[in-house]
Participant: 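I'd like to ask you about the structure that follows.
What's counted below: heavy atoms across the whole structure, side chains too, no hydrogens, waters or symmetry copies. Worth saying up front: this structure is predicted, and the values here are computed from it rather than measured. In what follows, every chain begins at residue 1, and chains take the letters A, B, ... in the order their sequences are listed.
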Amino acid sequence: MISIRMTLPRDLTAFGYGSVLDPYKRRCGLAKFGFSLKNRSLGWVTGVAGGIAQPPGMGQEAALNHAKDAWQLRYARPSMTNIRTRFAPSPTGFLHIGGARTALFNWALTRRLGGEFVLRIEDTDLERSTRESEQAVLDGMRWLGIDWDEGPLRQTDNAERHAAVVEDLLSKGRAYRCVCTREELESRREADIAANGKGIYDGTCREKNYGDDCGTHTVRLRIDRDSSLRWDDLVFGPSGQDASEIGDGIIRRSDGTPLYHLAVVVDDLDMGITHVVRGADHHSNTPFQLAIYRALDADIPIFAHVPLIVAESGRKLSKRKDPVSIQQFEADGYLPEAMINWLARLGWSHGDQEVFSRDEIVELFDLTHVGRSGAQADPAKLEWLSQHYIKERSSKALFEAVKPFLENVTGGPVERDDRLDRTLDLLRERSNHLVEMAEKARFVLCDEIEIEAGAAKKHLRPVALEPLEALIPVLKGLDAWTLESLEAAFEATCKSLGDLKLGKLAQPVRVAVTGTSASPGIFETVEVVGQELAVARIRKAVELIKARIAEG
RNA sequence: GCUCCCAUCGUCUAGUGGCCUAGGACGUGGCCCUCUCAAGGCCGAAACACGGGUUCGAGUCCCGUUGGGAGCGCCA
């Protein structure tokens, strides 16, 4: 490894503290952020001379330039006391977990740093964008508790501004008209690739200086081929490439509409966005956007690309195959706090901590601990978190969340009362999500219950007849309907049946009273069902067994 | 094809050259508890992709290989 020495400007210390200097190891000062993949923190570099590691294949001069570039791109911003971030989804479907996580990271970063978070709807794809989708995105964010300070702004509202920028670029000679047709482009590209070329735009129209009268044309950005389009990504570290690696990209279509790359850059600039936190699928697009920033004489924002969430196959998520819609998770009965926690912990970590409240995420979130590799979303972990938060909720809050699911079971309105609270308490540690909880509460919710065939077959057998019949009068005669009195009643009944094992009585009763073979403890279960109903259900079970005996 | 990126248990991850005999969590196996189902407790199996280098010392730095991903559009 060759090292280059350089002296940093004295005022660099003004940027604050940074890496530890270790002159013997040649990884210090500039080198830390110039090339080391490790220094991705929001912290700064120390203002002392240091050595620069030279990446392989890069000359000393180039290495030096890269380092300077990285320094300028990252630190040239005057001040970052006023943080502004944005989440810019395109409303072409529901809010999916990838987008939700990007929103969450933006939001958490902004809230932590005390900045402003703005929401911008990228609706320039008129064909696929719908107002319903837009609403779904907003609903999803609200449900998750991710709030924004401005917006939703719509990209289409900026159309005039985009057009003006392109005209301006054209007039300054920083962009030019291109009359190449798609077919020509395609064939030349193929030929280039066949000749071991890179298949980038060959610059045919670059020096033609076509005027407005050239007929159907697109507008391309005139990229300085000697420039370096690099930046220091807050997640990926030093990123980007030389301009010679990319061709002059189109910024305006032949129908006069601007391209996405132009629109985002202009919008981010206009909105004063300081930190662009977005999915890593934009990582390779960033150099071109950097070129646009340059053409606009603008400072570039700080970029942080967060790795994609991948499907089980390791590939990108498929909306069809994978469960990705936030609204679907909501409908499936997952609590928003579980969802947020799950998403936050996907790609980000804070030591060994697994459980984070919304406040803790805001308090602790930092880009430094966002990983660089794609992550699979594990549904099992969501279930665990979901149950964790179900266990944690107050009775009131739990009821509010589960209410619609309960009503879905009963088919009518459900009001909260003491008995229901007790039931839900029993169900907390037995439910992974609210749908499950509501279903398990059915035996309390509905007067009429259906006995599962399998459970009946297994437990409502002739042997259970005597115990059940013996229990009925005991329960009926109970003055106090409490856990203690019920326990005593069951024990006495067992004893009177020749020390019958509790299970032999409890299981049939459970099936009789709940219709299923799994429920909370038998005393709790019977207690919560109530005396009258419990007795009636056991009677019914007795009839059932008798009928079964009669049938043979 | 070209460009860029990534790589620790099945999964999410801790890890900033010695605290690593690689830690935690989910999941998973066993045991305990037990009227069922859970919850809980205890114990276990389970990973640094491979190969070179640098170094007294490498999961950690460098190179290569392999594997994976993204981008290369008049989509966003």
Side-chain angles (χ1 to χ4, degrees), chain A residues 1 19-20 25-27 36-39 53 55-56 88-90 92 122-125 127-129 155 178 181-182 185-186 189 192-194 196-200 217-219 236 239-241 245-247 249-255 257 259-261 263-264 279-288 305 307-308 310 312 314-316 342 345-355 369 371-385 387 391 426-431 440 455 459 490 501-507 509-511 514 516-523 525:
Chain A
M1 184 194 293
S19 323
V20 177
K25 304 210 170 167
R26 295 177 297 191
R27 283 184 302 94
S36 169
L37 289 173
K38 292 229 156 182
N39 186 40
S90 55
T92 54
E122 313 234 304
D123 56 351
T124 41
D125 185 351
E127 306 236 321
R128 298 193 300 153
S129 300
Q155 195 158 56
C178 170
T181 65
R182 290 172 212 251
L185 255 16
E186 178 74 8
R189 179 165 185 270
D192 186 40
I193 288 174
N196 282 328
K198 290 173 182 171
I200 58 179
H217 65 272
T218 57
V219 173
F236 283 95
S239 303
Q241 52 203 301
E245 300 288 346
I246 68 174
I250 293 177
I251 54 176
R252 191 174 76 187
R253 299 185 186 88
S254 51
D255 67 1
T257 56
L259 259 91
Y260 165 76
H261 295 295
V264 242
D281 45 343
H282 290 284
H283 195 247
S284 335
N285 288 329
T286 308
F288 181 53
H305 289 89
L308 267 19
V310 299
E312 226 175 307
R315 301 249 181 96
K316 65 179 170 185
W342 187 50
R345 212 36 206 69
L346 218 57
W348 173 72
S349 63
H350 182 72
D352 284 341
Q353 190 171 343
E354 294 289 344
V355 175
H369 292 95
R372 288 166 303 233
S373 46
Q376 284 182 40
D378 180 12
K381 197 152 190 173
L382 206 217
E383 298 239 308
W384 175 75
L385 280 165
Q387 181 178 62
K391 286 197 278 189
L426 294 173
L427 262 18
R428 286 173 190 268
E429 62 198 28
R430 291 166 235 266
S431 310
K440 284 185 168 162
H459 299 290
F490 272 73
K501 298 258 280 181
L502 179 58
K504 300 284 185 193
L505 175 62
Q507 267 317 82
V509 171
R510 188 186 316 279
V511 173
T514 70
T516 70
S517 54
S519 86
I522 194 64
F523 311 127
T525 300

Participant: Under a 3.5 Å threshold, yes or no: a donor from one side chain and an acceptor from the other, between A:S519 and A:T514?
Facilitator: no

Participant: How long is the line joining CD of A:E245 and C1' of B:G1, in whole Å?
Facilitator: 14 Å

Participant: As a quick check of understanding, evaluate side chain to side chain contact (heavy atoms under 4.5 Å, CB included) for A:E122 and A:V264, giving each step before the final call.
Facilitator: CA-CA 9 Å; A:E122 313 234 304; A:V264 242; 3.8 Å; yes

Participant: Going through the distances and angles, do A:K440 and A:R430 end up as a side chain to side chain contact (heavy atoms under 4.5 Å, CB included)?
Facilitator: CA-CA 9 Å; A:K440 284 185 168 162; A:R430 291 166 235 266; 4.1 Å; yes

Participant: Can you tell me which nucleotide in B:A25, B:G71, B:G40 comes closest to the side chain of A:D281?
Facilitator: B:G71

Participant: Between B:A22 and B:A46, how far apart are the C1' atoms? Round to whole Å, please.
Facilitator: 13 Å

Participant: Have a look at A:Q387 and say if it touches a base, only the backbone sugar-phosphate, or nothing, with a 4.0 Å heavy-atom cut-off.
Facilitator: sugar-phosphate

Participant: Base, sugar-phosphate or nothing for A:H459? Non-hydrogen atoms, less than 4.0 Å.
Facilitator: nothing

Participant: Name the nucleic acid region contacted by A:S519, choosing base, sugar-phosphate or nothing; use a 4.0 angstrom heavy-atom cut-off, strictly under.
Facilitator: base

Participant: Does any nucleotide pair with B:A38 by Watson-Crick or G-U wobble geometry, both distances under 3.5 Å, and what is it?
Facilitator: none

Participant: In terms of the nearest nucleotide of RNA chain B, which residue is placed more toward the 5' end: A:P89 or A:Q241?
Facilitator: A:Q241

Participant: Return the pairing partner of B:A49 with a 3.5 Å limit on both distances, Watson-Crick or G-U wobble; otherwise return none.
Facilitator: B:U65

Participant: Which listed nucleotide (B:C74, B:C35, B:A14) is nearest to the side chain of A:S349?
Facilitator: B:A14

Participant: Which whole-number value in Å describes the distance from A:K501 NZ to B:U34 C1'?
Facilitator: 10 Å

Participant: So if I take every side-chain heavy atom of A:K198 and compare against B:G1, B:C5, B:C2, which nucleotide ends up nearest?
Facilitator: B:C2

Participant: Using the side-chain heavy atoms of A:R182, tell me which of these nucleotides is nearest: B:A14, B:C74, B:C37.
Facilitator: B:C74

Participant: Nearest whole Å is fine: how far is B:C26 P from A:L385 CG?
Facilitator: 9 Å

Participant: Do the side chain of A:R372 and the base of B:C6 come within less than 3.5 angstrom through a donor-acceptor pair of N or O atoms?
Facilitator: no

Participant: Assign A:Q155 to base, sugar-phosphate, or nothing according to its heavy-atom contacts below 4.0 angstrom with the strands shown.
Facilitator: sugar-phosphate

Participant: Any idea which of B:C12, B:G1, B:C35 is nearest the A:I193 side chain?
Facilitator: B:G1

Participant: Taking the same atom, C1', in B:G23 and in B:U8, what whole-Å distance lies between them?
Facilitator: 11 Å

Participant: Check the phosphate of B:A38 against A:K440, side-chain N and O only, distance under 4.0 Å to OP1 or OP2. Yes or no?
Facilitator: no

Participant: Taking A:W342 for the side chain and A:D378 for the main chain, is one N or O donor matched with an acceptor at less than 3.5 Å?
Facilitator: yes

Participant: Do A:S254 side-chain and B:C74 base share a donor-acceptor contact under 3.5 Å?
Facilitator: yes

Participant: Starting from P on B:G27, measure out to NZ on A:K381 and report it in whole angstrom.
Facilitator: 9 Å

Participant: Under 4.0 Å between any heavy atoms, over every strand shown, what does A:K504 touch: base, sugar-phosphate, or nothing? Just pick one.
Facilitator: nothing

Participant: Is the closest side-chain heavy-atom distance between A:H217 and A:R252 below 4.5 Å?
Facilitator: yes

Participant: Give a yes or no on whether a salt bridge exists between A:K391 and A:E429, defined as a side-chain N under 4.0 angstrom from a carboxylate O.
Facilitator: no

Participant: Counting side-chain heavy atoms from CB outward, which of B:C35, B:C6, B:G1 is closest to A:R189?
Facilitator: B:G1

Participant: Tell me the interatomic distance from A:L308, atom CG, to B:C5, atom P, rounded to whole angstroms.
Facilitator: 16 Å

Participant: When you get a sec, tell me which of B:A7, B:C4, B:G24 is the closest nucleotide to the side chain of A:S284?
Facilitator: B:C4

Participant: For B:U28, give its Watson-Crick or G-U wobble partner with both distances under 3.5 Å, or none.
Facilitator: B:G44

Participant: Side chain of A:A375 only, please: which of B:C12, B:A76, B:A39 is the nearest?
Facilitator: B:C12

Participant: I'd like the P distance from B:U21 over to B:U66, given in whole Å.
Facilitator: 32 Å

Participant: What is the distance, to the nearest angstrom, from the OH atom on A:Y260 to the P atom on B:C72?
Facilitator: 11 Å

Participant: For the P atoms, the ones on B:U65 and on B:G1, what distance do you get once it is rounded to whole angstrom?
Facilitator: 14 Å

Participant: Counting the atoms with a prime plus P, OP1 and OP2 as sugar-phosphate, which does A:G521 contact under 4.0 Å by heavy atoms, base, sugar-phosphate, or nothing?
Facilitator: base

Participant: Is A:H305 stacked against the base of B:A70, taking the criterion as centroid distance under 5.5 angstrom and interplanar angle under 30°?
Facilitator: no

Participant: Considering only the P atoms, how many Å lie between B:G44 and B:C26, rounded to the nearest integer?
Facilitator: 16 Å

Participant: Categorize A:L502 for me: base, sugar-phosphate, or nothing, with a 4.0 angstrom heavy-atom threshold over every strand shown.
Facilitator: base

Participant: Just checking A:N196: does its CG atom have more than 12 heavy atoms from other residues, nucleotides or ligands closer to it than 6.0 angstrom?
Facilitator: no

Participant: Scan every strand shown for a Watson-Crick or G-U wobble partner of B:A22, both distances under 3.5 Å, and answer none if you come up empty.
Facilitator: none

Participant: Determine the Euclidean distance between corresponding P atoms of B:C33 and B:A49; express it in Å to zero decimal places.
Facilitator: 42 Å

Participant: Should B:G17 form a Watson-Crick or G-U wobble pair with both distances under 3.5 Å, which nucleotide is its partner?
Facilitator: none

Participant: When only distance counts, do a donor and an acceptor, one from the side chain of A:D352 and one from the base of B:G23, lie under 3.5 Å apart?
Facilitator: yes

Participant: Between B:C75 atom C1' and A:D255 atom CG, what is the distance in whole Å?
Facilitator: 13 Å

Participant: Please pick, from B:U11, B:G1, B:A76, the nucleotide with the shortest atom-to-atom distance to any side-chain atom of A:H261.
Facilitator: B:A76

Participant: Taking atom P in both B:G40 and B:G27, compute the distance separating them and give it to the nearest angstrom.
Facilitator: 9 Å

Participant: Quote, to the nearest angstrom, the C1' distance that separates B:U3 from B:U55.
Facilitator: 34 Å

Participant: Just to be sure I understand the rule, does A:H350 reach a base, reach only the sugar-phosphate, or reach nothing, if contact means heavy atoms closer than 4.0 Å?
Facilitator: nothing

Participant: Roughly how many Å is it from CZ in A:F288 to P in B:C75, rounded to a whole number?
Facilitator: 13 Å

Participant: Look at the rings of A:F236 and A:H283 and say which category their plane angle falls in: under 30° parallel, 30 to 60° tilted, over 60° perpendicular.
Facilitator: tilted

Participant: Tell me yes or no: between the side chains of A:H305 and A:S239, is some donor less than 3.5 Å from an acceptor?
Facilitator: no

Participant: Can you figure out which of B:U36, B:G27, B:C12 approaches the side chain of A:L346 most closely?
Facilitator: B:C12

Participant: Between A:G374 and A:S90, name the one whose nearest nucleotide on RNA chain B is closer to the 5' end.
Facilitator: A:G374

